[in-house]
Structure formats: structure tokens, C-alpha cells
Chemist: 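Got a structure for you, written out below as C-alpha cells; questions coming shortly.
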Amino acid sequence: MKRWSQFFIPTLKESPADAEIASHRLLVRAGLVRRLGGGLYTYLPLGLRAVHKITQLCREEMDGAGAIELWMPHLHPAELWAQGPRWAAAREIMFRADSAGDGRRPGREPEVVLGPTHEEIITPLVKAEISSYRDLPKNFYQIATKFRNEIRPRYGLMRAREFIMMDAYSFDTGDEGAVKSYFAMKEAYARFFRRLGVQAIAVEADTGVMGGSFSHEFMVPAEIGDDDVIYNEASGYAANREKATSALVPADLADAAPAGAVEKFATPGVTTIAQLAAEPHGVPAEQQFKTLVYIGDGRPFLVLLRGCDELEEAKLGALGFTLFRPATPEEIVPVLGARPGSLGAVKGTLRDPSALAGVFADHAIRLIGNGTTGANEDGFHLRHVNVARDLAITRFGDFRRVRPGEPDPRSGQPLQVRRGIEVGHIFKLGTKYSEKFGAVFTDDQKQTHPMVMGCYGIGISRALQAVIEQSHDADGIRWPWNCAPFQVLVCVLDPQLPEAMELAERLGTAAERAGADVLIDDRAERPGVKFKDADLIGIPLRLTIGGKGLKEGVIELKWRHAKDVVKLPLAEAEARVAAAVGEARAAAA
RNA sequence: CGGGGCGUAGCUUAGCCUGGUAGAGCGCUACGUUCGGGACGUAGAGGUCGUGAGUUCGAAUCUCACCGCCCCGACCA
């Protein structure tokens with residue numbers, strides 16, 4: 001039981017100017033956090049209590065799923081990362097820390113880095129400690145601080161540079177076991193978010209720099225989310241836009257027959273899809289081939305799309321390059337022979353085809369059949385280009401961005417889109433890290449194999465804010481029972497009356513015995529201030545003790561999410577409060 | 001890193017265009033009146049006007065540079 005006057009909850013009437021979204025404003029106004037610098041936040045006592053509630057729930061679900069808690073350093077020797085499979089990509093977001101003073105190697109590679117995630121730490125540990133199939137599977141987790149130099153920290157805790165994360169790593173003897181571990185975590189995640197009191201949906205996701213074979217994200221639907229979720233309610237299909245696909249191209253689509261010889265025609269000044277679609281040329285975007293040039297690990301490659309489609313850049317990750325980026329015009333001309341606007345992939349028109357690492361075509365270009373593309377000669381295009389006959393395609397793939405309304409890959413029903421906040425991510429990693437670090441085990445045939453890994457993350461601090469984003473009203477936060485910093489607020493309107501404070505203690509004790517954390521507002525403030533603050537900090541159950549009520553022989557009980565106030569006769573108050581707490585706990589279990 | 005915007009008291013901000021005493025509300029301190037939905041009055045404390053240069057007799061105000069923050073894009077839990 002805490003007394004407000006002895007605690008520290010600095011609430012604000014006005015929102016700080018830098019807080020744009022509701023949850024960020026409420027984090028600050030309700031006295032949960034204060035900003036230190038870009039993407040850096042102090043958790044004030046009330047905010048820390050919410051964090052503890054969330055981590056405890058998370059811990060219970062992880063333990064329940066058989067994961068084992070440990071704690072790894074936040075400072076990582078840079079050599080470990082250099083040994084790992086993704087140093088080049090990961091170092092972009094890692095804070096470097098040269099030991100003390102000027103460091104021993106100023107201007108060169110860092111000696112230590114602040115950990116953005118822990119695959120590079122856990123895998124060598126498991127390699128050193130586990131070598132027999134008898135000791136597998138194992139799943140280790142920690143709940144700790146992560147550091148990522150986000151290019152653009154945003155929205156308070158939503159995208160911070162230092163944040164709290166639960167990260168887990170599973171090690172199995174084979175693929176089957178790894179899949180089992182993966183789905184055990186998927187279920188644990190679902191239970192965790194349900195108990196947290198937040199609606200989070202599992203969607204198929206891109207694996208990104210993490211690598212691995214498949215992955216799900218847990219998304220909290222919210223307008224301010226950074227991700228687009230493509231879904232169909234009826235079929236249950238849901239995927240991050242980066243990963244989402246559609247049944248736009250029929251599986252049994254036959255190659256179109258050529259419609260005539262390839263024909264070059266002059267298109268002076270035409271450098272965009274829209275210009276070619278306009279008069280005098282009048283080639284619809286759906287009949288154009290779009291040719292994009294990227295550089296993958298130093299070598300150029302081409303991506304072909306329909307003129308009307310957009311590239312979903314994340315899908316290029318499937319091509320296996322460690323790093324890729326759009327090519328510059330200076331890089332394009334020597335290879336293709338023309339500048340952007342007149343590019344194409346028609347056999348025989350490329351200046352230096354041997355320089356290419358590949359030509360990757362989106363399936364949807366097969367819908368074009370015969371179309372128009374750049375001639376690799378500034379100011380000229382080619383028509384009657386046939387997909388099968390004329391294009392030098394290394395392989396087809398899914399590279400286009402799905403649009404709402406396209407047919408669901410499962411049911412054919414139209415796909416929809418909504419925004420979401422990514423609060424959790426699970427990956428089936430495979431052997432990417434175990435091979436690199438030599439984390440192998442010996443099986444019962446005395447054969448050694450790399451362990452099959454999975455990794456799992458929950459953004460604890462982000463989940464905290466997602467809860468607020470999803471659960472608030474015009475007056476303030478509406479904490480779900482299980483992650484509320486306190487579950488019961490005893491609002492004493494006349495704390496100078498000894499009998500009022502004594503009653504508050506009794507009710508608070510009754511609520512505590514029933515399993516609630518209790519805060520007593522004993523401040524010498526006017527009632528209006530107390531009620532406003534109570535709504536702002538959003539404690540689920542409010543008990544009000546006032547001089548008036550005491551004379552009538554009642555106290556008041558009010559749920560934060562409800563409008564009505566229930567008057568409880570003093571004689572019944574303790575039992576009714578205990579019962580209310582019991583019901584709330586049961587409902588939130 | 002590209003594009004846009006903003007830095008004035010702890011917070012929200014006016015003043016800047018058109019250079020000349022830095023103002024208000026909230027919060028804070030003291031006293032009084034109040035006391036069931038962010039009360040009122042009186043008196044106070046609190047400001048290197050982000051930093052540095054420049055123009056000028058004189059700069060919060062004009063110019064330049066730098067720093068910080070916010071928003072939009074690419075990355076992520």
C-alpha cells in the first residue's frame with residue numbers, strides 16, 4: 001500500500017509540445033516517464049511499476065513455455081559481432097563504445113558495442129556449454145535493455161534508442177524440434193498479450209537482417225503504427241505488407257504467345273511510366289515493364305515489375321544479398337547503356353550483361369504477356385516485348401507490393417489493410433548462427449550437427465505504450481487490470497479526517513488481501529484535482545471516501561472504464577471491495 | 001541521411017514580419033477565502049530569449065554557422 005503524498009507521481013495538466021500521439025502525451029502527463037534525450041527515457045516510479053507488471057507477466061509465460069531465464073552483458077566485444085553473419089548490416093544500428101579514455105584504437109573498429117540483440121552472445125555460450133543431444137532442446141531468455149541507434153527515434157517509448165526487451169533463443173536438434181519450439185513460443189506470446197489486456201494479432205512477417213526461414217510478428221492494431229498489415233478477416237490471412245502476397249497471378253497462367261517482332265520506337269524526353277502512358281504513346285502502365293537497378297554486395301542486378309506495380313524492397317532480402325541498395329545513374333549507364341527512364345532487360349540490348357548478378361522478375365509481369373520497355377538507349381523504347389521470348393530472366397519471384405483489394409492468397413476474397421504496432425517478433429532462424437559459431441551437438445549415432453535455432457523478441461517498453469495507445473480515453477489512461485501500476489486507488493477527499501484515513505487503510509488492506517496493489521490518494525488537494533488525476537493515471541478501480549459519504553454511511557466504488565458510481569454501505573464495504581477485486585482478477589487471469 | 005518545422009521561466013506559450021524596458025497562463029512559495037470534477041484574491045520567487053559569430057549606437061527580433069528537438073521518408077521490438 002502506497003500513499004500518494006509519500007510517492008512520486010508528477011502529473012501535468014498540459015501536454016509537452018514534443019508529444020504528438022495520445023499514448024506519448026499520456027506517458028508524460030500521467031507521470032510515467034520523462035525524456036532525457038532523443039529516444040532516451042527515465043521511467044518514473046509509476047512507469048516502472050507498469051514495466052514490472054509487464055515483465056512479470058512475460059516471465060510467467062516464458063517460464064510456463066519451458067524457457068529458462070538468464071542475463072547477458074549489455075556490452076559486447078566487437079570481435080564476436082565481427083565473427084557473426086551480419087556484422088556489415090548490424091553495425092549500422094549499433095552504438096560503439098571504445099573502452100575508457102580515448103580507447104586503444106581511436107578511429108578504427110570499436111572494441112566493444114552496446115548490444116542491440118544477443119544472438120552473437122548466446123550462440124557462443126551454448127557452443128561452449130552444450131554438446132550433446134541429451135541436453136537439447138533448450139530455450140534461454142532474458143528481459144533486459146537493448147541499444148539501437150535508431151535513425152529516427154519516435155513517439156516516446158515506441159521507437160527508442162534504449163529500450164526494454166524480452167529476448168529468447170531456442171536450440172533444437174533438428175528442424176522438427178525447432179518448429180515445435182517456435183510454435184510453443186507463438187502460443188506463449190498469444191497468452192502473454194491476452195493477459196496483458198492488449199489485442200495483438202500474429203501476422204506473417206519478413207525476416208529482415210535477422211535471417212531465417214519464417215517469422216511472425218505480433219501487431220497491436222493502431223492508426224499510429226509503423227507497419228501495414230494486409231489481411232482478410234474471413235480467411236484468417238494476415239501478413240506484414242513487407243511479406244504479404246496475393247493471388248493476383250493465377251497459378252495456372254500460361255505464357256502468352258509472341259505478338260510480333262520486337263520493334264524499337266522513338267520516345268524523346270519520356271523517362272517515366274506516366275509519360276509513356278500519356279499521349280502520344282498511350283501505353284497503359286499495366287502493359288509496361290519497369291526495370292529497376294540495384295547493387296547487391298557490390299554487383300548490379302535488375303528487378304522487373306509491371307509499370308503499375310511498386311517494388312516492395314524488403315522482398316529483395318530473399319535474393320540472399322547481405323547488403324543491397326538502389327544503383328545510381330552513374331553505376332547504371334556502363335552496364336545497361338542508358339539512363340533511368342529508358343532501361344529494359346531485353347536480350348541483346350544490355351551493354352554489359354556479364355556485369356549483372358542476375359535479373360529478377362516479379363511474377364506479375366507474366367500478366368503483361370507482350371509489352372513495352374526501355375531500349376537501353378536514351379529516348380527509345382521497345383514494343384511487342386514477349387516475356388518468355390525476349391527477356392533474359394534469371395528467376396521469377398514475388399517482389400511487388402500488394403495492394404488492398406487484391407485477392408487473398410488463401411480464399412480469393414479482397415485483402416484489406418490496417419496499421420499496426422509491432423510489439424513482438426518470432427523467427428525460425430535455422431542454422432545461420434550455429435554454423436557460423438560452431439554450435440554443434442553430437443547425436444546418438446556420434447554424428448555432429450549444427451543446432452537449429454529460433455529467436456524471439458517482445459518489446460516490453462513498446463508494449464507498455466501500445467497498451468496505453470489502445471486503452472485510453474479523453475480523460476487519460478484506462479489500464480487493463482494486469483499491467484496497471486496499481487489496481488486500486490483509494491481517493492480520500494478529506495484526508496484531514498482521521499476516520500477517513502483509517503477507513504482508507506482498512507479498505508486498502510482488504511483490497512490487498514484480495515490480490516490488488518493499492519494506492520491511497522491522501523494529498524491535501526481539492527476533490528476536482530484528485531478526480532482528474534485519478535482519471536489521468538487510469539487505475540482500474542477507484543474507491544472514494546468523502547466527508548459527505550461518511551455522514552451517509554457509504555463509500556463509492558467506480559471502475560475507470562465505467563460511467564456509473566456504486567455506493568457501498570460502510571458495513572459491507574470491505575467485503576464488496578474484496579469481491580470486486582476477486583472478480584477483476586478472475587476476469588483478467 | 002534527404003525534405004519540412006520549431007528552440008523565449010519547470011510546462012504551455014505571446015512578442016520576431018516592422019530592432020529600442022521580456023509578457024501571460026499553468027506549476028511553485030506565503031497568507032486569506034474556498035472545498036465532490038483541474039477554485040479565487042493578494043504578495044512573491046523564477047529568464048545566459050538553444051550556442052557562437054556578424055550587422056547595428058542598440059538584437060529575443062535581421063544575417064551566417066553550429067547544436068538540439070519535432071514531423072514526413074528508408075530501419076526496427
Side-chain angles (χ1 to χ4, degrees), chain A residues 10-21 24-25 28-29 31 34-40 58 89-90 92-94 116-117 143-168 189 200 205-210 215 217-220 224-227 240 242 311 313-314 317 323-326 420-427 455-466 475-476 491-496 524-536 542 544-552 555-556 558 565:
Chain A
T11 59
L12 300 176
K13 270 191 194 175
E14 286 176 294
S15 303
D18 60 0
E20 190 80 1
I21 63 168
H24 186 191
R25 284 197 297 267
V28 178
R29 286 193 56 212
R34 286 294 183 265
R35 195 181 74 88
L36 175 65
L40 301 173
C58 184
E92 300 299 319
I93 58 152
M94 283 195 282
T117 172
I143 300 175
T145 305
K146 294 283 180 282
F147 302 87
R148 296 187 189 172
N149 195 5
E150 294 293 343
I151 302 159
R152 187 152 93 82
R154 210 150 76 114
Y155 292 156
L157 302 180
M158 205 59 91
R159 198 186 329 176
R161 295 197 295 172
E162 180 178 327
F163 60 97
I164 305 169
M165 178 165 146
M166 187 293 298
D167 49 320
Y189 271 45
D206 182 67
T207 53
V209 70
M210 200 64 87
S215 153
E217 284 168 346
F218 284 76
M219 294 282 193
V220 173
I224 55 93
D226 277 340
D227 294 273
N240 190 306
E242 292 180 348
L311 172 67
E313 209 171 67
L323 285 176
F324 55 84
R325 59 169 174 83
I421 302 165
E422 181 188 354
V423 288
H425 204 156
I426 59 179
F427 301 85
C455 75
Y456 316 91
I458 291 176
I460 299 288
S461 41
R462 181 182 283 183
L464 165 67
Q465 189 168 347
D475 296 318
C491 206
V492 186
L493 300 184
D494 303 285
Q496 75 284 0
E525 290 287 350
R526 295 162 55 86
V529 173
K530 295 190 171 208
F531 290 136
K532 288 288 183 190
D533 271 345
D535 288 344
L536 180 60
R542 187 182 88 196
T544 307
I545 300 173
K548 277 187 184 174
L550 287 181
K551 278 179 195 149
E552 292 173 39
I555 63 132
E556 291 165 16
K558 181 183 176 300
V565 172

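Atoms considered below: every heavy atom in the structure, side chains included; atoms not considered: hydrogens, waters and symmetry mates. Chain A is the first sequence line, chain B the second, and so forth, proteins listed ahead of strands; every chain is numbered from 1.
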Chemist: Under 3.5 Å, side chain of A/Gln465 to main-chain N/O of A/Met158, donor-acceptor pair present?
Modeler: yes
Chemist: At under 4.0 Å between heavy atoms, what does A/Met158 touch on the DNA or RNA strands: base, sugar-phosphate, or nothing?
Modeler: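 Base, at least one base atom sits under 4.0 Å.
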Chemist: Among B/G37, B/G36, B/A77, which nucleotide sits nearest the side chain of A/Lys548?
Modeler: B/G36
Chemist: What closest approach, in Å, do A/Asn240 and A/Ala205 show between heavy atoms, and which atom pair accounts for it?
Modeler: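 That closest heavy-atom pairing would be CB-CA, 4.3 Å.
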Chemist: Please report the distance separating the C1' of B/A74 from the corresponding atom of B/G2, rounded so that it comes out in whole Å.
Modeler: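 About 10 Å, rounded to a whole number of Å.
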Chemist: Strictly by Watson-Crick or wobble contacts shorter than 3.5 Å, is anything paired with B/A14, and which nucleotide is it?
Modeler: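 Checking every strand shown, B/A14 finds no partner, since no pair has both distances under 3.5 Å.
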Chemist: What is the distance from CZ of A/Arg159 to P of B/C72, rounded to the nearest Å?
Modeler: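 Going from CZ in A/Arg159 over to P in B/C72 covers 9 Å.
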Chemist: Hey, does A/Arg542 reach any base, or is it just sugar-phosphate, or nothing, if we go heavy atoms under 4.0 Å?
Modeler: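 A/Arg542: base contact, heavy atoms under 4.0 Å.
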Chemist: Is there a Watson-Crick or G-U wobble partner for B/G37 with both distances under 3.5 Å, and if so, which one is it?
Modeler: none
Chemist: Looking only at side-chain N and O atoms, does A/Arg29 come under 4.0 Å of OP1 or OP2 in B/C11?
Modeler: no
Chemist: Do A/Arg161 side-chain atoms and A/Asn149 backbone N/O form a donor-acceptor pair below 3.5 Å?
Modeler: no
Chemist: With heavy atoms under 4.0 Å as the rule, sort A/Asp167 into base, sugar-phosphate or nothing.
Modeler: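 Contact class for A/Asp167: none.
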Chemist: Say you draw a straight line from CG of A/Asp533 to CG of A/Asp475; how long is it, rounded to the nearest 0.5 Å?
Modeler: 12.0 Å
Chemist: For B/A45, which nucleotide in any strand shown is its Watson-Crick or wobble partner with both distances under 3.5 Å?
Modeler: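 Check on B/A45: unpaired, no WC or wobble geometry under 3.5 Å.
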Chemist: Which base, if any, makes a Watson-Crick or G-U wobble pair with B/C62, both distances under 3.5 Å?
Modeler: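 Base-paired to B/G54.
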Chemist: Taking CG from A/Leu536 and P from B/G38, how many angstroms apart are they, rounded to a whole number?
Modeler: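 Interatomic distance, CG of A/Leu536 to P of B/G38: 14 Å.
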Chemist: What is the distance from NZ of A/Lys13 to P of B/G25, rounded to the nearest Å?
Modeler: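 In whole Å, B/G25 P and A/Lys13 NZ are 13 Å from each other.
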Chemist: Would you mind classifying the nucleic acid contact of A/Gly546 as base, sugar-phosphate or nothing, using non-hydrogen atoms under 4.0 angstrom?
Modeler: base
Chemist: If only side-chain N and O atoms of A/Arg152 are considered, is one of them under 4.0 Å from the OP1 or OP2 phosphate oxygen of B/C72?
Modeler: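 For B/C72, OP1 or OP2 has a side-chain N or O of A/Arg152 closer than 4.0 Å.
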Chemist: RNA chain B: A/Ala17 or A/Thr544, which has the more 5' nearest nucleotide?
Modeler: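 By nearest-heavy-atom nucleotide position, the 5'-most residue is A/Ala17.
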Chemist: Could you check whether A/Ala463 gets within reach of a base, just the sugar-phosphate, or nothing at all, counting any heavy atom under 4.0 Å?
Modeler: nothing
Chemist: Which nucleotide sits closest to the side chain of A/Arg154: B/C72, B/A39, B/C11?
Modeler: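 Between B/C72, B/A39, B/C11, the one nearest the side chain of A/Arg154 would be B/C72.
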Chemist: Please report the distance separating the P of B/A9 from the corresponding atom of B/G23, rounded so that it comes out in whole Å.
Modeler: 14 Å
Chemist: Would you measure the distance from the C1' atom in B/C31 across to the matching atom in B/U51 and give it in whole Å?
Modeler: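 Their C1' atoms lie roughly 42 Å apart.
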Chemist: Rounding to a whole Å, what distance do you find between A/Lys532:NZ and B/G36:C1'?
Modeler: 13 Å
Chemist: To the nearest 0.5 Å, tell me how far A/Lys146 NZ sits from A/Ile460 CD1.
Modeler: 10.5 Å
Chemist: For A/Glu20 and B/G4, what is the distance between atoms CD and P respectively, to the nearest whole Å?
Modeler: 18 Å
Chemist: Strictly below 4.0 Å: does A/Lys530 bring a side-chain N or O up to OP1 or OP2 of B/G36?
Modeler: no
Chemist: For A/Asp494, report the nucleic acid contact type (base, sugar-phosphate, nothing); a contact means any heavy atom under 4.0 Å.
Modeler: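 The answer is nothing, as A/Asp494 stays clear of every strand by at least 4.0 Å.
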Chemist: Mind checking the P distance from B/G54 to B/G10? Whole angstroms is fine.
Modeler: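 My reading of the P atoms in B/G54 and B/G10 gives 29 Å.
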Chemist: Does a side-chain N or O of A/Arg148 approach OP1 or OP2 of B/C76 to a distance below 4.0 Å, or not?
Modeler: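 A/Arg148 to B/C76 OP1/OP2: no side-chain N or O under 4.0 Å.
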Chemist: State the pairing partner of B/C1; accept Watson-Crick or G-U wobble contacts with both distances under 3.5 Å, and report none otherwise.
Modeler: B/G73
Chemist: Once you round to the nearest 0.5 Å, how far does OG of A/Ser15 lie from CZ of A/Arg29?
Modeler: 5.0 Å
Chemist: In whole Å, what separates the C1' atom of B/U21 from that of B/G47?
Modeler: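 These two C1' atoms come out 15 Å apart once rounded.
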Chemist: Once you apply a heavy-atom cut-off of 4.0 Å, does A/Leu493 come out as touching a base, just sugar-phosphate, or nothing?
Modeler: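 Base contact.
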Chemist: How far does the C1' atom of B/C6 sit from the matching atom of B/G15, given to the nearest Å?
Modeler: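 Per the computed distance, 16 Å lies between those C1' atoms.
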Chemist: Between B/A14 and B/G25, how far apart are the C1' atoms? Round to whole Å, please.
Modeler: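 The same atom, C1', in both gives a distance of 11 Å.
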Chemist: Mark yes or no for a side-chain to base donor-acceptor pair under 3.5 Å between A/Arg161 and B/C76, with no hydrogen or angle criteria applied.
Modeler: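 No pair found.
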Chemist: So, does A/Arg148 use its side chain to make a donor-acceptor pair with the main chain of A/Pro116 at under 3.5 Å?
Modeler: yes
Chemist: Phosphate oxygens OP1/OP2 of B/C72: is one of them under 4.0 Å from a side-chain N or O of A/Tyr155?
Modeler: yes
Chemist: Let's test your reading of the model: under 3.5 Å, does the base of B/G27 pair with the side chain of A/Glu14 as donor and acceptor?
Modeler: no
Chemist: So what does A/Val529 touch, heavy atoms closer than 4.0 Å: a base, only the sugar-phosphate, or nothing?
Modeler: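 Result for A/Val529 = base.
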Chemist: Looking at every strand, decide which applies to A/Glu162 at a 4.0 Å heavy-atom threshold: base, sugar-phosphate, or nothing.
Modeler: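 Here A/Glu162 touches no strand at all.
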Chemist: State whether the side chain of A/Arg35 and the backbone N or O of A/Gly156 hold a donor-acceptor pair below 3.5 Å, judged by distance alone.
Modeler: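 Flag not set: sc A/Arg35 to bb A/Gly156 has no pair under 3.5 Å.
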Chemist: Can you check the distance between B/U29 and B/C71, where both ends of the measurement are the C1' atom (answer in whole Å)?
Modeler: 39 Å
Chemist: Once you round it to whole Å, what is the distance between P of B/G36 and CG of A/Leu550?
Modeler: 14 Å
Chemist: Identify the two heavy atoms, one from A/Ala160 and one from A/Gly39, that lie closest to each other, and give their separation to 0.1 Å.
Modeler: CB-O, 3.3 Å
Chemist: Under the criterion of centre distance below 5.5 Å and interplanar angle below 30°, is A/Phe163 classified as stacked on the base of B/A77?
Modeler: yes
Chemist: If you pin A/Leu157 and A/Glu556 to their nearest nucleotides in RNA chain B, which one's is more 5'?
Modeler: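 Result of the comparison: A/Glu556.
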Chemist: With respect to the side chain of A/Ser461, which nucleotide from B/A77, B/U12, B/C69 is positioned closest?
Modeler: B/A77
Chemist: Could you tell me the separation between the CZ atom of A/Arg462 and the C1' atom of B/C75, rounded to a whole number of Å?
Modeler: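 Spelled out: CZ on A/Arg462 to C1' on B/C75 is 11 Å.
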Chemist: Please state how far atom CZ in A/Arg526 lies from atom C1' in B/A39, giving the value in whole angstrom units.
Modeler: 4 Å
